[in-house]
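Worksheet for the structure shown next.
Just so we're on the same page: letters track the sequence lines, and every chain starts at 1.
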Amino acid sequence: MTDRGAAATRTGYDAVAIERKWQARWEADGLYAAHEDPSKPKWYALVMFPYPSAAHTHVGHWYNYCPADAHARFMRMRGYNVMFPFGFDAFGLPAENYAIKAGIHPHVSTMQNIETMRRQVRSMGASFDWSREVVSAEPGYYKWTQWLFLQLYKNGLAYKAKASVNWCPNDNTVLANEQVVDGRCERCGAEVVRRELEQWFFRITKYADELLDFSKIQWPEKIELMQRNWIGRSEGAEIRFEAQDGSPIPVFTTRPDTVYGATFMVLAPEHPLVEKLTAPERRADVAAYVDRARRATEIERLSTEREKTGVPIGADAINPYSGERIPIWIADYVLGTYGSGAVMGVPAHDQRDFEFAKKYGLDIKVVIAAPGWRGEELTEAWTAPGTMVSSGPFDGTPSEDGKKRVVAYGEERGFAKATVNYRLRDWLVSRQRYWGAPIPIVYCPQHGEQPVPEDQLPVLLPEDAEFVPTGESPLLRHEGFLNAMCPVCSGPARRETDTMDTFVDSSWYFLRYCSPEDARRAWDPEDVRYWMPVDQYMGGAEHAVLHLLYSRFFVKALRDIGLLGFDEPFVRLYNQGMITAGGAKMSKSKGNTVEPEDYVSTVGADVFRAYLMFLGPWDQGADWSDEGISGPVRFARRVWTLVTESGVRLGAPPAEGSATPTERELRALTHRTIQGVTDDLERFRFNTMISKLMIFAGDLVERGEAARGTAAWTEAIRSLVLLLAPAMPCLAEELWERIGGPYSVHQQSWPTYDAALTAVATATVAVQVDGKLRDKLEVPAGADQDAVVTQALRSERVSRTIGDRSVAKVIYVPGRLLNVVTKG
RNA sequence: GCGCGAGUGGCGUAACGGCAGCCGCGUCAGACUUAGGAUCUGAUGCCCGAGAGGGCGUGGGGGUUCGAAUCCCCCCUCGCGCACCA
């Protein structure tokens, strides 16, 4: 790989020079700039815009963009008006943390990183439309992020509320639920603690049900499932228990049929009634428990291994169905953030309650009889259906019917109602950091919370902020930013200093791509109507319940506000797998990164692209290995020599076509390859596409001399170059020029195949005896069964195997296989 | 624990229920060469056999079928996701 020059002189294929030349030419010509054109079907292809913190592109980016580009190029050649834009998700924490550490302003470091990444991404030779580039940290972009915030605000979809939130003590900011992974900060890994803070939220829960509807999109099942689980819809009932002092304590349950089996009640330690209901003699214990629960990290609290703990508060609750008094406990296995923060403890029919009851000696009352149950003591909770017993008027009812009947009974009497609960929480968008879009709100002593008037947008981030590690946003100490004017009374007001979660920026970037230059609007409705929704989105699965969920919410919210006329942002989604090194994630700290630039400057981007595609199925990802790249290297040289020495001149008058067997065979080969490559591209099977191109090139090298100069030969060479264009765009362009094709190969029509021509003259039929392969026969295409059987029985190997047994049955798969079944 | 997905040569992988191992890497042998880390040709799943040929073989065990890597059941291993959501 160090002797690129030497290899180039030997074969004439100088990848680096060719790539530099054509990439510059395409850029100068604006070859991939998309324009609205109603005469063509549109195709909006999209890759997730990258986060410019790493300062350079890594193989992961390439693994995402190169196959995506191949597909976009394929669609373009198939006659679609393709938009394939690119941009940068430029706000975010790492840039600010870097500023604190290194003293470089986030704006400066971010723009430097973007500069580097832009250069590297361009070196891929991808067909991105750079004229549409967006950078989310530029005022021209975040002005509209702020504007969209105001639209949500004015429509009741953005609100401020005090809540128990996730706080990352290392990054000094709150986090959305989606950004907490296993109780740790998704970015820095610090253990997240809970804090009571007043924060801005987006009302995503309003769309919980619609977000569960995937009927309008074609996404991988896995992502659908992850979103479904995240939203966590469960149907059940709210049953209003009462404390002994009359305070209502509603509980949520999915098992109303077990209500007669409630033998205790559990409140979350942070439940608002704990303070009021605790008996004086229990106060000390309860306070100690609440305090311990508060200090426990999420990790400890969420651990399933951990034994359940709790303390009684010395008060009772009354079961509205049975009138029974049951003791109230607090325990941290009950979450304050789900349902009503209180549950009825039914140990006989819920495993968690069972464990809790066993530990603290609480009653276990069976109310759902398992088939064949004769009153034995349970060793674990019975959670499957059964027959209701010890349940007052419901005795004998099958538990599945009981669910509905128990709720109906309670509804009539006013202490129960059917409800649906979701795991999904509203999206917390406030961040106590500098490097994000400021939330466009001011606080006036007289008029309270006021939105910034739209004509005063953008609320600019001050450039002269100071970055010191105080744990507070630099905006809090910036007088010029902090002091604002109330839009109502023009009196002095204080500006909101929180900025927005970067996922807000990325929830609408695909809309901005449609009209990136529009200074008057977030987008031109005409452009959005033409381009949206995105036809094919391609990116990693790590955003399943983040960006991909938020963007769906955004589109639905903006649709309801009247700004958009469709329901889903991304019609089709494809998740590529991950590239690992030695089975582990690549990272600079591990020192196992692979630098695409090293390959671009030696074997060339085209070869690197082809290799990434050839590694294996795209959705499977791959473990990086340097070794195999010599395959695509040889392939590129082979194709180079084959085409440049083919003698084909596309401008020349077409050679006479004839029907010699050689030509017929060559045409069949060409058309079969076109068919296969087309099929592979449609199905994102880039690895088998490359394999088919290798086979085709190999066959042409072999048959070259025999078919040289014929029309079939010209067609074969021409097709090879066209089929190569999506995967290896620069090599294809150079070869296309050399065989006299008109600029650009990427503007040519994708070759079509003639099914009649893919047929072969003779077929190889595998002959089995009793399912075991014994011989292979060459038969004329279209030979009938009898003829094949006759020929097969003449075969020495076949007849020997059959011996003196008789033929019971034959199965014939035309042109492929014959199975002779014997008996005796 | 629950839910997805995957287990095929030394390695990456390929195979509408129909010839397992295509394509590529690597390895071995040869050709051209002063040379080869270039290029080209051939071989390359395992076992028996001098050979012809035969047997075995897609994580393990069972089943369906004329025929199973592929479909069904049980189990094992790995990866990913979720995980006290009442």
Side-chain angles (χ1 to χ4, degrees), chain A residues 1-3 6-7 9-11 181-182 220-226 228-230 232-234 236 251-255 258 266 268 301-306 308 331-335 337-346 349-353 355-356 421-424 541-542 544-545 577-578 580 583 610-611 614-617 619-635 637-638 641 685 687-696 698 701 764-776 797 800 808-813 816-822:
Chain A
M1 235 177 297
T2 49
D3 65 341
T9 46
R10 254 183 242 113
T11 62
V181 178
D182 292 335
E221 225 172 302
K222 190 183 153 197
I223 304 289
E224 275 191 33
L225 204 72
M226 284 169 75
R228 255 181 234 290
N229 290 341
W230 186 259
R233 182 181 201 274
S234 44
V251 301
F252 175 73
T253 179
T254 53
R255 293 295 303 276
T258 66
V266 191
R301 201 173 157 174
L302 287 175
S303 167
T304 343
E305 320 294 271
R306 179 166 165 248
K308 292 175 182 36
D332 66 3
Y333 79 90
V334 172
L335 308 170
T337 49
Y338 184 76
S340 60
V343 304
M344 58 182 200
V346 185
H349 307 295
D350 182 286
Q351 190 56 29
R352 295 156 298 184
D353 297 344
E355 284 161 22
F356 193 74
N421 244 301
Y422 300 93
R423 234 182 63 121
L424 182 71
E542 66 274 17
V545 295
M578 228 173 33
T580 54
Y611 182 51
F614 188 56
L615 277 173
D619 57 352
Q620 202 177 288
D623 197 56
W624 178 264
S625 152
D626 240 15
E627 306 252 300
I629 200 162
S630 29
V633 167
R634 286 173 195 149
F635 168 65
R637 288 180 191 155
R638 201 166 220 241
T641 310
R685 287 162 30 157
N687 56 328
T688 49
M689 165 187 78
I690 300 289
S691 161
K692 287 185 176 83
L693 291 171
M694 285 173 168
I695 295 168
F696 189 41
V701 169
T764 308
V765 172
V767 182
Q768 298 180 337
V769 177
D770 294 323
K772 279 196 172 294
L773 180 71
R774 293 299 168 184
D775 205 354
K776 291 179 186 187
R797 294 179 57 194
R800 176 155 34 94
K809 180 172 165 187
V810 250
I811 284 119
Y812 182 55
V813 183
R816 297 178 67 91
L817 177 135
L818 179 77
N819 189 8
V820 180
V821 185
T822 66

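- For B:rU77, the paired base is B:rA6 (Watson-Crick or G-U wobble, both distances below 3.5 Å).
- Taking syn as a glycosidic angle within 90° of 0, B:rG9 qualifies as syn.
- Residue contacts for A:Val343: at a heavy-atom cut-off of 4.0 Å it reaches a base atom on one of the strands shown.
- Between A:Arg255 and A:Val346, every side-chain heavy-atom pair lies at or beyond the 4.5 Å cut-off.
- Going from the C1' atom of B:rG67 to that of B:rC2 covers 37 Å, rounded to whole Å.
- Between A:Arg634 and the phosphate of B:rU39, there is a side-chain N or O to OP1/OP2 separation shorter than 4.0 Å.
- Contact detail for A:Gly628 and A:Pro632: the closest heavy-atom pair is O-CD, 3.3 Å.
- The side chain of A:Lys772 contributes no N or O atom lying less than 4.0 Å from OP1 or OP2 of B:rG57.
- Base pairing of B:rG18 is made with B:rC66, judged by Watson-Crick or G-U wobble geometry with both donor-acceptor distances under 3.5 Å.
- Using a 4.0 Å heavy-atom criterion, one finds that A:Gln620 contacts the sugar-phosphate atoms exclusively.
- For the pair A:Trp230 CH2 and B:rG3 C1', the interatomic distance rounds to 16 Å; values are reported in whole Å.
- Side-chain N/O atoms of A:Lys776 include none lying less than 4.0 angstrom from OP1 or OP2 on B:rC19.
- Set against B:rA86, B:rG26, B:rC16, the side chain of A:Glu627 has B:rG26 as its closest nucleotide.
- Taking atom CD1 on A:Ile629 and atom C1' on B:rG26, their separation rounds to 16 Å, with Å as the unit.
- Contact annotation: A:Ser630 reaches the phosphate of B:rG26 (side-chain N/O to OP1 or OP2, under 4.0 Å).
- At a cut-off of 3.5 Å, with distance as the only test, a side-chain donor of A:Thr822 or A:Asp770 sits close to an acceptor on the other residue.
- Taking atom P in both B:rC72 and B:rU65, one finds a spacing of 16 Å when rounded to whole Å.
- One interatomic measurement links the two molecules: CG of A:Asp619 to P of B:rC4, which rounds to 17 Å at whole-angstrom precision.
- Ring pair A:Tyr611/A:Trp624 is perpendicular by interplanar angle, where above 60° counts as perpendicular and below 30° as parallel.
- Distances shorter than 4.0 Å separate none of the side-chain N or O atoms of A:Tyr333 from OP1 or OP2 on B:rA86.
- Put simply, A:Arg423 has a side-chain N or O that comes within less than 4.0 Å of OP1 or OP2 on B:rA83.
- In this structure, OH of A:Tyr611 is placed 18 Å from P of B:rC23, rounded to the nearest angstrom.
- Contact annotation: A:Arg638 side-chain N/O to B:rC40 OP1/OP2 distance is under 4.0 Å.
- Side-chain contact between A:Ile629 and A:Glu627: absent, with no pair of heavy atoms (C-beta onward) separated by less than 4.5 Å.
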Protein-nucleotides 48-53 of chain B N/O pairs closer than 3.5 Å?
none

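- The side chain of A:Leu225 has B:rG3 as its nearest neighbour among B:rG18, B:rA86, B:rG3.
- Under 4.0 angstrom from either OP1 or OP2 of B:rA15 there lies at least one side-chain N or O belonging to A:Arg685.
- Scored by the side-chain hydrogen bond (donor to acceptor under 3.5 Å, both in side chains) test, A:Asp623 finds A:Thr580 as partners (sequence neighbours excluded).
- Between the CZ atom of A:Phe696 and the P atom of B:rC23 there is a distance of 16 Å, given to the nearest Å.
- Residue A:Ser625 places no side-chain N or O under 4.0 Å from the OP1 or OP2 atom of B:rC25.
- When both pairing distances are held under 3.5 Å, B:rC82 makes a Watson-Crick or G-U pair with B:rG1.
- Remark: B:rG12 base-pairs with B:rC23. Criterion, Watson-Crick or G-U wobble with two distances under 3.5 Å.
- The side chain of A:Lys308 lies closest to B:rC84, out of B:rC84, B:rG24, B:rA86.
- Contact annotation for A:Ile811: base contact, defined as any heavy-atom pair under 4.0 Å involving a base atom.
- The residue among A:Ser691 and A:Asn229 whose nearest nucleotide of RNA chain B is located toward the 5' end is A:Ser691.
- A sub-4.0 Å separation between OP1 or OP2 of B:rA14 and a side-chain N or O of A:Asn687 is present.
- Taking the C1' atoms as reference points, B:rG45 lies 8 Å from B:rG21, given to the whole Å.
- The backbone N or O of A:Gly771 sits less than 3.5 Å from a side-chain atom of A:Asn819, completing a donor-acceptor pair.
- Using a 4.0 Å heavy-atom criterion, one finds that A:Pro617 contacts the sugar-phosphate atoms exclusively.
- Rounded to whole Å, the P atom of B:rG10 lies 14 Å from the corresponding atom of B:rG60.
- The side chain of A:Gln768 has B:rC19 as its nearest neighbour among B:rA86, B:rC19, B:rC84.
- Closest approach to the A:Phe252 side chain among B:rC19, B:rC16, B:rA86 is made by B:rA86 (side chain taken as heavy atoms from C-beta onward).
- Between A:Glu355 and A:Lys308, the closest heavy-atom pair is OE1-NZ, 3.3 Å.
- Across all strands shown, B:rU33 forms no Watson-Crick or G-U wobble pair with both key distances under 3.5 Å.
- With both ends at atom C1', the span from B:rG26 to B:rC82 equals 41 Å, rounded to whole Å.
- The ring-ring contact (aromatic ring centres under 6.0 Å, His included) check on A:Trp230 picks up nothing, with sequence neighbours excluded.
- Atom C1' of nucleotide B:rC23 and atom CG of A:Leu615 are separated by 13 Å, given to the nearest angstrom.
- Put simply, CG on A:Leu773 is 14 Å from C1' on B:rG21, counting in whole angstrom units.
- A:Ala544 and A:Ile223 make their closest contact through CB-CD1, 3.9 Å (heavy atoms, listed as atom of the first residue, atom of the second, distance).
- Rounded to whole Å, the separation between the P atoms of B:rC46 and B:rC28 comes to 15 Å.
- Comparing A:Val633 and A:Val821 along RNA chain B, the residue whose closest nucleotide (by nearest heavy atom) sits nearer the 5' end is A:Val633.
- Between A:Ala268 and A:Leu335, the closest heavy-atom pair is CB-C, 3.8 Å.
- Nucleotides B:rG63 and B:rG57 have their P atoms positioned 15 Å apart, rounded to a whole Å.
- Under the Watson-Crick or G-U wobble criterion, with both distances below 3.5 Å, B:rC56 is paired with B:rG45.
- Between the side chain of A:Asn819 and the base of B:rC66 there is at least one donor-acceptor pair of N/O atoms closer than 3.5 Å.
- Side-chain proximity of A:Thr688 to B:rA15, B:rA86, B:rC16: nearest is B:rA15.
- Nucleotides B:rG7 and B:rG12 are separated by 15 Å at their C1' atoms, to the nearest Å.
- Atom-to-atom, CG of A:Asp623 to P of B:rG79 comes out at 13 Å; the value is rounded to the nearest Å.
- With hydrogens and angles ignored, no donor-acceptor pair under 3.5 angstrom links the side chain of A:Lys222 to the base of B:rC80.
- At distances below 3.5 Å, at least one donor-acceptor pair connects side-chain atoms of A:Thr641 with backbone N or O atoms of A:Arg637.
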